[in-house]
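Written out below as structure tokens is the structure these notes cover.
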Amino acid sequence: APMIYIYGEVQKGGAYRLEPNMTVMQALALGGGLTPRGTQRGIKIARHTAEGVREIDAHLSDPVKEDDVIYVRESLF
């Protein structure tokens with residue numbers, strides 16, 4: 001099954017099965033949501049492309065693709 005990976009300031013980081021048409025918000029929900037120190041504005045996705053790994057800023061409505069690594073940064077406040 002296709003997988004995604006979530007780590008950083010989430011309740012339960014780890015590997016999760018990718019569901020069809022999954023968004024970043026749905027993926028974070030699988031990981032138990034953000035910790036009190038996590039920020040929605042600090043979400044990055046490392047995505048494998050033909051040119052290599054590309055890091056992109058993510059929004060909650062963005063689609064998630066197979067083997068994406070979602071990283072939630074810590075809020076500065």
Side-chain angles (χ1 to χ4, degrees):
M3 301 294 287
I4 59 167
Y5 308 91
I6 306 169
Y7 75 107
E9 294 298 323
V10 291
Q11 299 291 335
K12 299 179 292 187
Y16 295 93
R17 196 173 94 190
L18 176 65
E19 300 295 334
N21 303 316
M22 182 180 278
T23 64
V24 172
M25 184 184 306
Q26 292 167 327
L28 293 176
L30 283 177
L34 302 179
T35 66
R37 297 185 333 189
T39 177
Q40 292 179 9
R41 287 178 266 153
I43 300 172
K44 302 275 187 187
I45 295 178
R47 182 167 287 162
H48 297 276
T49 63
E51 298 83 35
V53 177
R54 193 177 107 196
E55 188 172 286
I56 57 175
D57 291 323
H59 302 284
L60 294 177
S61 60
D62 289 348
V64 180
K65 298 187 179 181
E66 184 175 353
D67 291 329
D68 276 359
V69 179
I70 301 171
Y71 173 66
V72 179
R73 293 192 308 183
E74 183 178 356
S75 175
L76 299 176
F77 297 100

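Under the side-chain hydrogen bond (donor to acceptor under 3.5 Å, both in side chains) criterion, Thr49 pairs with Glu51, sequence neighbours left out. Under the salt bridge (charged side-chain N to carboxylate O under 4.0 Å, His left out) criterion, Arg41 pairs with no residue at all, not counting sequence neighbours. In this view, Thr35 and Glu9 satisfy the side-chain hydrogen bond (donor to acceptor under 3.5 Å, both in side chains) rule, not counting sequence neighbours. Among residues two or more places apart in sequence or in another chain, the salt bridge (charged side-chain N to carboxylate O under 4.0 Å, His left out) test is passed with Glu74 by Arg37. Under the rule for a side-chain contact (heavy atoms from CB on, under 4.5 Å), the partners of Val10 that lie at least two apart in sequence or sit in another chain are Ile6, Leu28, Leu34, Val72. Residues meeting the salt bridge (charged side-chain N to carboxylate O under 4.0 Å, His left out) test with Lys65, sequence neighbours left out: none.
For the residue pair Ser75 and Gly38, the shortest heavy atom distance occurs at CB-O, 4.2 Å. The two atoms that bring Asp67 and His48 nearest to each other are O-CD2, 3.6 Å, heavy atoms only. What you find for Gln26 and Met22 is that their closest heavy atoms are OE1-CA, 3.2 Å. The two residues Gly8 and Tyr71 come nearest to each other via the heavy atoms CA-CE1, 3.7 Å.
Note that the CG atom of Leu76 and the OG1 atom of Thr39 stand 8.0 Å from one another [nearest 0.5 Å].
Side chains of Lys44 and Asp57 form a contact here, defined as non-hydrogen atoms less than 4.5 Å apart.
If you chain together hydrophobic residues whose side chains sit under 4.5 Å apart, Ile4 and Met25 fall into the same group. Val69 and Ile45 end up in different hydrophobic clusters when Ile, Leu, Val, Met, Phe, Trp and Tyr side chains are linked at under 4.5 Å. Tyr7 and Ile56 are members of different hydrophobic clusters when ILVMFWY side chains are connected at heavy-atom separations under 4.5 Å.
A side chain to side chain contact (heavy atoms under 4.5 Å, CB included) with Val64 holds for exactly one of Asn21, Thr23, Ile70; it is Ile70.
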